[in-house]
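Please read the structure below before turning to the comments.
All chains are named by letter (A, B, ...) in the order of the sequence lines, taking the proteins before the strands, and each is independently numbered beginning at 1.
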2 protein chains.
Amino acid sequence: MIKSNRTEQTIQQIKVSVDCIIFGFNDNKLELLLIKKKDEPEKGKWSLIGGFVGFDEDLDEAANRILSDLSGLQDIYMEQIKTFGKVNRCSFDRVISSTYSAMILKSSYTEDQIEKYNAQWFPITEVPELIFDHNDMVDIAIKRMRRRVRNFPIAFNLLPSKFTLPQLQALYEGILDETLDKRNFRRKVSQMNYLVKLEEKDMTESRRGAFLYRFDEAWYKKEKHFNL
Amino acid sequence: MIKSNRTEQTIQQIKVSVDCIIFGFNDNKLELLLIKKKDEPEKGKWSLIGGFVGFDEDLDEAANRILSDLSGLQDIYMEQIKTFGKVNRCSFDRVISSTYSAMILKSSYTEDQIEKYNAQWFPITEVPELIFDHNDMVDIAIKRMRRRVRNFPIAFNLLPSKFTLPQLQALYEGILDETLDKRNFRRKVSQMNYLVKLEEKDMTESRRGAFLYRFDEAWYKKEKHFNL
DNA sequence: GACATTTAGCTTTTAATAAACAATAACAAA
DNA sequence: TTTGTTATTGTTTATTAAAAGCTAAATGTC
């Protein structure tokens with residue numbers, strides 16, 4: 001089936017959108033931020049945070065603008081995952097959509113904002129049926145994230161800037177959905193010098209208290225070796 | 001900078017294209033298929049094989065159609081790499097472009113076709129200046145391919161269906177641009193049962209001759225473990 | 001038949017990485 | 001001071017990957 005010599009007209013009708021897959025962490029579980037659509041189309045259904053790309057904005061910029069518009073979240077670093085382009089992926093229009101993913105500290109997204117934007121967090125084991133091919137997008141993003149989280153320090157956005165090692169381990173166990181050996185985990189951490197042990201302790205979660213750590217990004221850029 | 005409430009009009013002007021990064025292998029070097037543009041825009045410059053996505057074709061389909069239209073290559077399996085969406089990536093129009101990559105047997109692309117389509121193979125160390133952001137696309141595709149080639153049997157498309165182990169090793173050395181130990185390489189190969197040793201020998205490249213092998217795809221799908 | 005060349009197979013050593021595993025220290029509360 | 005709870009720390013073993021040495025087989029050329 002040869003389909004050359006297309007007219008400008010047909011070409012121009014394709015719309016370009018971005019969908020954002022936002023991960024959070026709560027109660028030792030990985031969660032996903034979804035919104036319930038207030039307007040047509042697909043009003044009342046759950047959806048990723050998405051929107052059309054403007055003519056005069058970069059694709060990356062559009063992802064950030066859309067995230068900001070629809071959730072109030074600003075200056076979130078997002079990575080492009082994949083572009084979905086099936087003809088009928090959206091029932092009423094021809095739209096190709098690039099997915100972007102980010103991890104955020106849940107507390108940076110307040111209850112007020114959740115209400116305002118009609119959003120809700122879902123544990124990734126309980127993601128409802130989403131519009132279009134958004135469930136596929138989520139599946140792919142989760143797989144990719146689980147692969148990357150072991151070799152790149154992307155998960156620290158899910159924690160406060162100061163965190164304890166038990167917290168960090170619980171985070172990894174929650175993300176990967178498997179238990180990790182405490183001593184092996186800590187040994188790996190101690191090999192990464194950019195995970196800096198502070199003098200302070202966090203006394204809120206145990207009697208003894210656990211030392212706080214922080215992730216030193218500038219330092220990491222020199223070493224560039226991460227493995228958990 | 002808030003950019004909400006876009007009109008349909010501005011949205012519709014974004015065009016969607018696909019660019020194909022086609023790898024070949026020759027003279028123990030990894031090569032890239034490029035075309036010299038016959039028409040404006042950018043006439044006479046080197047470019048990836050690219051074109052606009054039709055309104056009624058999937059993005060994946062478009063990649064194959066465009067590759068076929070502009071090179072005569074058909075039914076090539078391509079993987080999506082990344083979508084490029086900077087506003088000014090193409091100087092005269094707003095185009096976002098998804099890149100796709102494939103590896104092909106150079107001999108399946110004849111001299112006739114090369115001439116007909118104004119194409120040329122370039123060693124990846126000698127890629128000329130390309131239009132737009134195509135050089136960036138190539139860089140990213142090469143990095144990704146070098147990562148994937150060790151864990152997935154994607155490189156066999158660069159060889160005839162029957163090949164010798166010295167050929168296979170030379171291929172990997174060429175792709176990765178490093179020398180590999182013969183004995184360790186062969187040991188790994190012998191662990192992958194879906195690399196089937198045939199009775200035949202190839203006598204063209206050495207006195208003794210080397211046994212031919214083939215990659216059994218169905219068998220691979222059962223084992224799904226690849227490491228070279 | 002001796003020789004050169006390349007393929008082929010087998011083995012050992014070493015290094016690197018990952019996995020398994022148990023006792024002690026610090027603290028608050030009772 | 002005892003008790004309960006969580007944080008912290010090292011050693012050993014197993015597995016895997018890399019490096020290297022050696023032998024031998026097959027073939028065409030001399």
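Relative to the ring axis of A/Y213, A/K197 does not place its NZ or CZ within 45° and under 6.0 Å from the centre. Figure legend: A/K82 and A/F84 shown as a cation-pi pair, the cationic atom lying under 6.0 angstrom from the six-membered ring centre and within 45 degrees of its axis.
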Close N/O contacts between protein and nucleotides 15-18 of chain D (under 3.5 Å):
unit_1	atom_1	unit_2	atom_2	d
D/dA18	OP2	B/K188	NZ	3.0

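Shown here are the side chain to side chain donor-acceptor pair (under 3.5 Å) partners of B/S98, two or more places apart in sequence or in another chain: B/T83.
The number of heavy-atom neighbours closer than 6.0 Å to NZ of A/K37, taken from other residues, nucleotides and ligands shown, is above 12.
Between the C1' atom of D/dT8 and the NZ atom of A/K182 lies a distance of 8 Å, rounded to the nearest Å. Between the CZ atom of A/F211 and the P atom of D/dT6 there is a distance of 18 Å, given to the nearest Å. Rounded to a whole Å, the CG atom of A/L198 is 16 Å from the C1' atom of D/dA7. Residue B/F185 contributes atom CZ, which lies 14 Å from atom P of C/dG9 at whole-angstrom precision. Between the CZ atom of A/R183 and the C1' atom of C/dC21 there is a distance of 5 Å, given to the nearest Å. Spacing between atom CD of B/E200 and atom C1' of C/dA8 amounts to 18 Å, rounded to whole angstrom units. Rounded to whole angstrom, the span from the CG atom of B/L168 across to the C1' atom of C/dA8 amounts to 15 Å. Distance, B/D181 CG to C/dT11 P: 17 Å, rounded to whole Å.
Between A/R65 and A/D69 there is a salt bridge, with a side-chain nitrogen of the basic residue lying less than 4.0 Å from a carboxylate oxygen of the acidic one. Taking 4.0 Å as the cut-off between side-chain N and carboxylate O, A/E79 and A/R148 count as a salt-bridged pair.
Of the possible polar contacts, one joining the A/Q167 side chain to the A/T164 backbone as a donor-acceptor pair under 3.5 Å is found.
Distances shorter than 4.0 Å separate some side-chain N or O of B/K197 from OP1 or OP2 on C/dG9.
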Item to complete: Using a 4.0 Å heavy-atom cut-off, write out nucleotides 25-30 of chain C from 5' to 3' as B (base contacted by protein), S (sugar-phosphate only) or - (no contact).
Response: BBBB--
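By the 30° and 60° cut-offs, the orientation of the rings of A/F215 relative to A/Y194 is perpendicular.
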Worksheet item: Do B/F163 and B/F156 pass the ring pair (Phe, Tyr, Trp, His ring centres under 6.0 Å) test, and can you show the C-alpha distance, the side-chain angles, and the key distance before you say yes or no?
Response: CA-CA 9 Å; B/F163 51 87; B/F156 294 96; 5.5 Å; yes
